[in-house]
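Here is the structure we will look at.
Every heavy atom of this structure was used, including side-chain atoms; hydrogens, water molecules and symmetry mates were not.
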Number of protein chains: 2
Amino acid sequence: MAAKISVETCECSVIHEEVVSLVRERMPEEETLYDLAELFKVFGDTTRIRILWALHEAELCVCDIAFLLNMTQSAISHQLRVLKQAKLVKNRRDGKVIYYSLDDEHVKRIFDQGMIHIHEEK
Amino acid sequence: MAAKISVETCECSVIHEEVVSLVRERMPEEETLYDLAELFKVFGDTTRIRILWALHEAELCVCDIAFLLNMTQSAISHQLRVLKQAKLVKNRRDGKVIYYSLDDEHVKRIFDQGMIHIHEEK
DNA sequence: TGTTTATTTGAACATCCGTTCATATGTTTA
DNA sequence: TAAACATATGAACGGATGTTCAAATAAACA
């Protein structure tokens, strides 16, 4: 049994050493990839996707969204908080009512790319 | 106390009735939004994001990826399964080794839109 | 054929995450 | 100022999810 490189690595890593290190050099920074995953995580929930889609159509208050999606105001409020933290929505107050709207013109583009993928499947 | 529409709905829903029903008409089907969320859920994990990015650079075998990301082959294999189910990666066998590569030209475009968003924050 | 190598798979475990419920905050109106 | 309304928030609960560990495939080699 010859020298094992690491705790668990097969011989491929030696054979493919050049390719692997080349890929490593080209990989974005850890933090960037983490942020990217965090962003997509926000899109990875049906409720949030529906909220974003609704807000793409019109500015709406919390109870409008709750009524539209047939969900609790509290649940919607919690999700709007997530969306706001991700800088995907913004809000304005008008008396008692708080209106939410999209805070990013890329939301639709991200949607579109996703749509292209899921509609490709046969 | 006047007639309440539902278990929990404020008066906005009455005032904004037209807007809300207009939005409702324009919303995509439930199933479509569900699929879209499922797709983005796949992108919403650092490990999978890193795998996809690596595969965007080169075709790699499981142990290459494990070595590159300094993770267990088992963990990588589990995630590759998720990516394959989402039709984002494909594989080919060459003897003992199984090579993975991207199965979708949109992956990069979805990445790009996400990158534009996260790099916009100041 | 038995062993080694590369990968897959299932169960178990811990953690994360979305909703609910009760309550708090903030604004308007009587 | 008290009541009503719109929204936010924190704790708690249940379900989903990622990694680990052990064991199973599957191909190549001796």
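- The main-chain N or O of Glu57(B) is never found under 3.5 Å from a side-chain atom of Arg26(A) such that the two would form a donor-acceptor pair.
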Protein N or O to nucleotides 9-13 of chain D N or O, pairs below 3.5 Å:
| from | atom 1 | to | atom 2 | distance (Å) |
| --- | --- | --- | --- | --- |
| dT9(D) | O4 | Ser74(A) | OG | 2.7 |
| dG10(D) | O6 | His78(A) | NE2 | 2.8 |

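- Counting to the nearest Å, the C1' atom of dT7(D) and the CZ atom of Phe67(A) are 18 Å from each other.
- By the 4.5 Å heavy-atom criterion applied to side chains, Lys84(A) and Asn91(A) are counted as neighbours.
- Within residues 91-98 of chain B, the residues having any heavy atom under 4.0 Å from DNA chain C are, by residue number, Lys96(B), Val97(B), Ile98(B).
- Residue-level contact check: Tyr99(B) touches neither bases nor backbone, having no heavy atom under 4.0 Å from any strand.
- Protein atom CE of Met71(B) is 16 Å distant from nucleotide atom C1' of dT7(C), rounded to whole Å.
- A distance of 11.0 Å separates CG in Leu80(B) from CG in Leu88(B), rounded to the nearest 0.5 Å.
- Partners of Glu17(A) under the side-chain contact (heavy atoms from CB on, under 4.5 Å) rule, at least two apart in sequence or in another chain, do not exist in this structure.
- Terminal axes of the helix from dT1(C)-dA30(D) to dA30(C)-dT1(D) (five pairs each, C1' rotation axis) are separated by 10°, to the nearest 10°.
- Summarising the geometry of Arg93(B) relative to Gly95(B), their closest heavy-atom pair is NE-O, 3.0 Å, with the distance given to 0.1 Å.
- Judged by distance alone, the side chain of Arg109(B) and the main-chain N or O of Gln113(A) form no donor-acceptor pair under 3.5 Å.
- Residue Val62(A) places its side chain closer to dA8(D) than to any other of dA8(D), dT19(D), dT8(C).
- The CG-C1' distance, from Asp64(A) to dC5(D), rounds to 14 Å in whole Å.
- A 4.5 Å side-chain heavy-atom check between His119(A) and Ile116(A) finds every atom pair outside the cut-off.
- Between Ser77(A) and Gln73(A) the shortest side-chain heavy-atom distance does not fall below 4.5 Å.
- Contact record, Val62(A) with Tyr100(A): CG2-CE1, 3.7 Å, taken as the closest heavy-atom pair.
- Interface residues of residues 38-48 of chain A facing DNA chain D, ordered by number: none; criterion, heavy-atom separation under 4.0 Å.
- Taking side-chain N and O atoms only, Thr72(B) has no distance below 4.0 Å to OP1 or OP2 of dT19(D).
- At whole-Å resolution of the value, CD1 in Ile65(A) and P in dA6(D) are 15 Å apart.
- Side-chain contact between Leu69(A) and Ile65(A): present, with at least one pair of heavy atoms (C-beta onward) separated by less than 4.5 Å.
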Using distance only, find each side-chain donor-acceptor pair of residues 47-55 of chain A under 3.5 Å and give its atom names and separation, not counting sequence neighbours.
| from | atom 1 | to | atom 2 | distance (Å) |
| --- | --- | --- | --- | --- |
| Arg48(A) | NE | Val42(A) | O | 2.7 |
| Arg48(A) | NH1 | Gln79(A) | OE1 | 2.8 |
| Arg48(A) | NH2 | Lys41(A) | O | 3.2 |
| Arg50(A) | NH1 | Glu30(B) | OE2 | 3.3 |

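- Note: CG (Leu69(B)) to C1' (dT19(D)) measures 14 Å, nearest angstrom.
- A distance of 6.0 Å or more separates the ring centres of Phe111(B) and His106(B).
- With hydrogens and angles ignored, the 3.5 Å screen pairs no side-chain donor or acceptor of His117(A) with any backbone N or O of Ile110(B).
- Contact annotation: Gln79(B) reaches the phosphate of dT19(D) (side-chain N/O to OP1 or OP2, under 4.0 Å).
- Put simply, CG on Leu80(A) is 16 Å from P on dA6(D), counting in whole angstrom units.
- Look at CG on Leu83(B): it is 15 Å from C1' on dT8(C), rounded to the nearest Å.
- For the pair Leu36(B)/Met115(A), a side-chain contact is recorded, criterion being any heavy-atom separation below 4.5 Å from C-beta on.
- Listed pair Tyr100(B) / dT8(C) meets the phosphate criterion, a side-chain N or O lying under 4.0 Å from OP1 or OP2.
- Taking atom OH of residue Tyr34(B) and atom C1' of nucleotide dG18(C), one finds them 14 Å apart after rounding to whole Å.
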